[in-house]
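Read through the structure below, which is laid out as structure tokens, and then see the notes.
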Amino acid sequence: MLATFLETLALGLRNLSRYPLRTSLTMLGIVFGVSSVILMRAVGAGAEAEILREFGKLGIDNVIVNSVKPPEKKRETNQEGNWINRNGLRFKDADRIQATVPGVKRVLPVHSKKTNVWSGSHKVEATVYGVTSEHLPLLGLDVSRGRTLSDIDDLEVRRVCVIRPGLFKEISDFSDPLGKDLLVGSQCYRVVGILKDDRLFGYASKALAVDYKSNEVYVPFHTLLRREGTLSITERTGSFEANDVELNQLIIGVASIDNVILVSKLVNAVLAKFHEEKDYEIVIPIEYLKQRQKTQDVFNYAFLAIASISLLVGGIGIANIMLATVTERTKEIGIRRAMGAKRRDIVLQFLGETTMISSIGGIIGVAAGFFFDWALRHATGWATIISLQSILVGLLVSMAVGIVSGIFPARRAAYLDPIAALRHS
């Protein structure tokens, strides 16, 4: 049995080598089809990994509540035409949620404000975030040098900060920032840590209300409140606008992932009772993650369907060429039948040739898929992932295409009349 298989394989290779140009052109459809399948799956896998990485920053067991400015707000106006806007989350909201909502394991408050950061005579606009010691580790904001913020910093109201590495570059200060003093607004803070340059983008940036265009400075929560207060003032021509927002954000950790949706509804019920103007928004990462994954699945199926068209075209090309080959080799088929070859042997011969064409084309297609993936990553910067599964799927599908496309030509060759085939010239 093995000897027959090897003999059929050798015969197929010999027949294919007679027409190298035609064989190569026949393979092209399979090559581009397999490379397209691998590339499309790599793009889809890369997008899925990016989605998971993005939501990993938020934590799928968290509920995020952001303060928002209501469309129309009743303002307390004084005689000079100035006003104070009091909206958003309050300190009592954090206490109520922690005390009344079951399943909540932590409530992390965040207070932020935009201000100027000075280093010597150079300045840059930045957003200062007053956070607790748990905030940075929770969001995966790791420190590359120095240390992160601690409970002692918050308890003793220390003037220390953790910054992004790009902040000093934008200030045009290329010295070592660690241990230096920065003038943040009207207060002086010492840099004790430098974050890894892994900024928040996309949905993570939107959910956490982080302006990725702005620099980020993280300081102890109570230090910012004690030294800066909750009032921020915007000066305008002839007047000013003052906004009093106690908390810009609450990050609520849920004890069980299964209860995230329920906790979000309970949080909304608690806040709605004390915020008639709806000056807050609730972000549920796990709910949005499911929506994004469903959307990505649709794109993945669409990508595979488009890539499969190339394989279908390649299979039609193989069938077309093999049908022409049957006509060319009619006399050869007649001689083999006259010498005792059975119909099964003829079928195996032609199926072997089509399978070899598709298999060799599949191997070349895998190599082309790696090349196209490399070119795409370097040209666009997209994150792509080629998995062993996609390689095996590409090879198996190419072999299947070779077998299916060769069945009809093989049967046609096997059922030729031997006498008529011998007379064919």
Side-chain angles (χ1 to χ4, degrees), residues 56-67 88-113 115 117 126-165 167 177-196 198-200 204 207-210 215-230 245-256 263 267 285:
K57 294 286 185 183
L58 303 177
I60 58 175
D61 59 344
N62 292 329
V63 175
I64 299 168
V65 187
N66 294 319
S67 292
L89 300 168
R90 318 303 287 181
F91 296 127
K92 290 182 179 180
D93 293 327
D95 297 334
R96 292 190 190 103
I97 292 170
Q98 184 75 70
T100 62
V101 177
V104 172
K105 61 181 179 181
R106 62 174 175 267
V107 178
L108 302 184
V110 179
H111 181 76
S112 64
K113 59 171 52 182
T115 188
V117 175
T127 304
V128 184
Y129 294 91
V131 298
T132 62
S133 60
E134 297 177 76
H135 184 91
L136 297 180
L138 178 68
L139 300 181
L141 300 174
D142 299 323
V143 173
S144 61
R145 296 178 57 211
R147 66 174 179 86
T148 187
L149 301 176
S150 67
D151 291 331
I152 300 298
D153 294 329
D154 200 39
L155 185 64
E156 296 184 356
V157 197
R158 292 176 179 174
R159 288 183 293 177
V160 294
C161 66
V162 175
I163 65 170
R164 287 284 181 188
L167 186 141
L178 199 61
K180 292 196 70 172
D181 292 331
L182 292 176
L183 185 62
V184 181
S186 61
Q187 300 293 321
C188 189
Y189 289 84
R190 176 154 294 178
V191 179
V192 296
I194 302 171
L195 294 173
K196 291 181 179 178
D198 185 18
R199 302 189 73 100
L200 297 168
L208 293 171
V210 174
N215 292 286
E216 301 162 42
V217 179
Y218 293 90
V219 303
F221 179 72
H222 287 99
T223 301
L224 184 63
L225 291 178
R226 184 81 59 87
R227 299 188 180 278
E228 298 286 345
T230 61
V245 180
E246 292 182 1
L247 293 174
N248 296 86
Q249 187 176 82
L250 290 174
I251 300 178
I252 303 167
V254 183
S256 173
V263 168
V267 168

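Numbers for residues simply follow the sequence, beginning at 1. Because the structure is a prediction, the values reported are computed rather than measured.
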Quick one: closest heavy-atom pair of V184 and E228, and the distance?
O-OE2, 3.8 Å
Is the F91 ring parallel, tilted or perpendicular to the F221 ring (thresholds 30°, 60°)?
perpendicular
Less than 3.5 Å apart, any donor N or O on the side chain of Y189 or Q187 sitting next to an acceptor on the other?
no
What's the separation between atom NE2 in H111 and atom OG1 in T230, rounded to the nearest 0.5 Å?
6.0 Å
Salt bridge flag under 4.0 Å for residues D93 and R96
yes
Looking at residues at least two apart in the chain, or sitting in another chain, which of them share a side chain to side chain contact (heavy atoms under 4.5 Å, CB included) with V245?
S67, N87, N248
Search all heavy atoms of L224 against all heavy atoms of V219 and return the closest pair with its distance.
CB-CG2, 3.8 Å
For A126 and L167, which heavy atoms make the closest approach, and how far apart are they?
CB-CD1, 4.5 Å
What is the distance from atom CG of L225 to atom NE2 of H222, rounded to the nearest 0.5 Å?
6.5 Å
Tell me every residue that passes side chain to side chain contact (heavy atoms under 4.5 Å, CB included) with S133, counting only those two or more places apart in sequence or in another chain.
D151
Sequence neighbours excluded, which residues qualify as side chain to side chain contact (heavy atoms under 4.5 Å, CB included) partners of S256?
D258, N259
Give the minimum heavy-atom separation between A94 and L247, together with the two atoms involved.
CB-CD1, 4.3 Å
Test log, rule side chain to side chain contact (heavy atoms under 4.5 Å, CB included), inputs L195 and R164:
CA-CA 5 Å; L195 294 173; R164 287 284 181 188; 4.1 Å; yes
L182 vs I163 side-chain heavy atoms within contact, under 4.5 Å
yes
If we only count heavy atoms from C-beta on, is the N215 to V217 side-chain gap below 4.5 Å?
no
List, one per line, each side-chain donor-acceptor pair under 3.5 Å for residues 138-146, sequence neighbours excluded.
from: S144; atom 1: OG; to: I194; atom 2: O; distance (Å): 3.1
from: R145; atom 1: NH1; to: D176; atom 2: OD1; distance (Å): 3.1
from: R145; atom 1: NH2; to: D176; atom 2: OD1; distance (Å): 3.1
from: R145; atom 1: NH2; to: D176; atom 2: OD2; distance (Å): 2.9

Name all residues meeting the side chain to side chain contact (heavy atoms under 4.5 Å, CB included) criterion together with R147; count only those two or more places apart in sequence or in a different chain, and write none if there are none.
S150, D153, R158, V160, V192
Closest heavy-atom pair and its distance - N66, Q249
OD1-NE2, 2.7 Å
Show the numbers, then the answer: is there a side chain to side chain contact (heavy atoms under 4.5 Å, CB included) between L108 and V131?
CA-CA 8 Å; L108 302 184; V131 298; over 6 Å; no
Selection residues 101-112 - residue pairs positive for salt bridge (charged side-chain N to carboxylate O under 4.0 Å, His left out), sequence neighbours left out
D61-K105
Please walk me through it: do D154 and L149 pass side chain to side chain contact (heavy atoms under 4.5 Å, CB included)?
CA-CA 8 Å; D154 200 39; L149 301 176; over 6 Å; no
Check: P109 and T132 side chains under 4.5 Å, non-hydrogen atoms:
yes
